[in-house]
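As a basis for the values below, the full set of heavy atoms in this structure was taken, side chains included, without hydrogen atoms, waters or symmetry mates. Keep in mind that this is a model prediction, so the values were computed, not measured.
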Amino acid sequence: MGSDSGRGREDGNGGVGGDGGEKEPDYRFTLANERTFLAWIRTGVSLLAAAVAVRQLVPAFTIPHARELLAVVCALLAVVITGGAYPHWRRVQRAIRRDAPLPGSWLLPVLATVITAIASFTTVLVWAGGPA
């Protein structure tokens with residue numbers, strides 16, 4: 001592999017194309033970034049489907065409004081995840097084009113924390129509350 005098979009590809013106009021020192025990256029990095037974006041969107045759609053399913057299909061628990069609370073938390077997390085996916089994709093794409101370090105993501109700790117809370121709450125509901 002030559003020197004242009006790594007992070008970026010020269011554009012034939014002096015090696016740096018476009019604006020702000022950005023250059024066309026290796027297509028594999030762009031495709032990987034797009035796959036990550038689509039995974040975030042897929043997660044958001046799954047959470048939205050879970051919210052609808054919990055609200056419409058799960059019988060009410062003995063704890064009042066527990067089912068609705070669970071559905072709302074899933075739906076809100078879906079909004080946060082899908083809303084943050086594009087800005088994150090854009091920041092990563094910009095870093096790849098500038099050959100800069102990749103930015104961190106606040107989506108991961110938010111997703112992990114809320115999913116842990118949902119799992120804990122659901123466990124309590126199933127164990128202690130049960131269907132009404």
Side-chain angles (χ1 to χ4, degrees):
M1 297 203 143
S3 63
D4 62 347
S5 64
R7 302 276 306 173
R9 184 175 60 209
E10 295 184 0
D11 61 4
N13 294 324
V16 177
D19 44 308
E22 294 183 356
K23 58 185 175 183
E24 187 65 27
D26 186 327
Y27 70 91
R28 293 173 292 181
F29 296 111
T30 298
L31 294 176
N33 193 25
E34 287 178 5
R35 282 193 301 274
T36 304
F37 168 76
L38 292 174
W40 284 117
I41 296 298
R42 194 170 43 249
T43 302
V45 170
S46 298
L47 284 164
L48 195 56
V52 171
V54 165
R55 179 64 180 92
Q56 297 297 320
L57 302 176
V58 173
F61 292 99
T62 55
I63 300 172
H65 305 292
R67 182 179 58 175
E68 289 77 11
L69 178 63
L70 203 55
V72 166
V73 170
C74 286
L76 288 176
L77 185 58
V79 169
V80 169
I81 294 293
T82 54
Y86 179 75
H88 178 70
W89 173 85
R90 188 74 192 132
R91 284 191 308 273
V92 170
Q93 191 66 20
R94 188 176 304 125
I96 290 172
R97 288 179 170 273
R98 293 179 178 169
D99 204 21
L102 296 179
S105 175
W106 55 268
L107 292 172
L108 290 171
V110 167
L111 181 64
T113 302
V114 176
I115 291 293
T116 300
I118 289 171
S120 300
F121 184 60
T122 303
T123 301
V124 168
L125 286 176
V126 169
W127 222 313

So L47 and I115, do their side chains get closer than 4.5 Å, heavy atoms only?
yes

Residue pair V79 / L48, side-chain heavy-atom distance below 4.5 Å:
no

List the atom of C74, the atom of A51, and the distance in Å for their closest heavy-atom pair.
CB-CB, 3.8 Å

To the closest 0.5 Å, what do you measure between OG1 (T36) and CG (L31)?
11.0 Å

Contacts of T30 meeting side-chain hydrogen bond (donor to acceptor under 3.5 Å, both in side chains) (sequence neighbours excluded), chain-then-number -> Q93

Could you pull out the closest heavy-atom pair between G83 and P87, with the gap in Å?
O-CD, 3.3 Å

May I ask you to test the L69-F61 pair for a side-chain heavy-atom distance under 4.5 Å?
no

If I take atom CZ from residue R91 and atom CZ from residue R94, how far apart are they, to the nearest 0.5 angstrom?
8.5 Å

Hydrophobic cluster membership, with links at side-chain heavy-atom distances under 4.5 Å among I/L/V/M/F/W/Y: are I41 and L111 in one?
no

Rounded distance (nearest 0.5 Å) linking atom NE2 of H88 with atom CG of N33
7.0 Å

Using side-chain heavy atoms (C-beta onward) and a distance below 4.5 Å, is T43 in contact with L77?
no

Same apolar cluster (I L V M F W Y, side chains within < 4.5 Å links), L108/V73
yes

So, do E24 and R97 sit near enough that their side-chain heavy atoms are less than 4.5 Å apart?
yes

Could you see if W106 belongs to whatever hydrophobic cluster contains W40? Use Ile, Leu, Val, Met, Phe, Trp, Tyr and a side-chain cutoff under 4.5 Å.
yes

Check whether any side-chain heavy atom of F37 lies under 4.5 Å from a side-chain heavy atom of V92, and answer yes or no.
no

Nearest non-hydrogen partners of A119 and T123, listed with the distance
O-OG1, 2.7 Å

Write out all pairs satisfying salt bridge (charged side-chain N to carboxylate O under 4.0 Å, His left out) with one or both partners inside residues 58-70, taking only residues at least two apart or from two chains.
R55-E68

Between W89 and Y86 (judged by ring centroids, cut-off 6.0 Å), do the two rings come close enough to count as a pair?
yes

Correct closest heavy-atom pair for I96 and P25 would be CG2-CB, 3.3 Å

Using the rule that Ile, Leu, Val, Met, Phe, Trp and Tyr join whenever any side-chain heavy atoms are under 4.5 Å apart, tell me whether I81 and V52 fall into a single cluster.
no

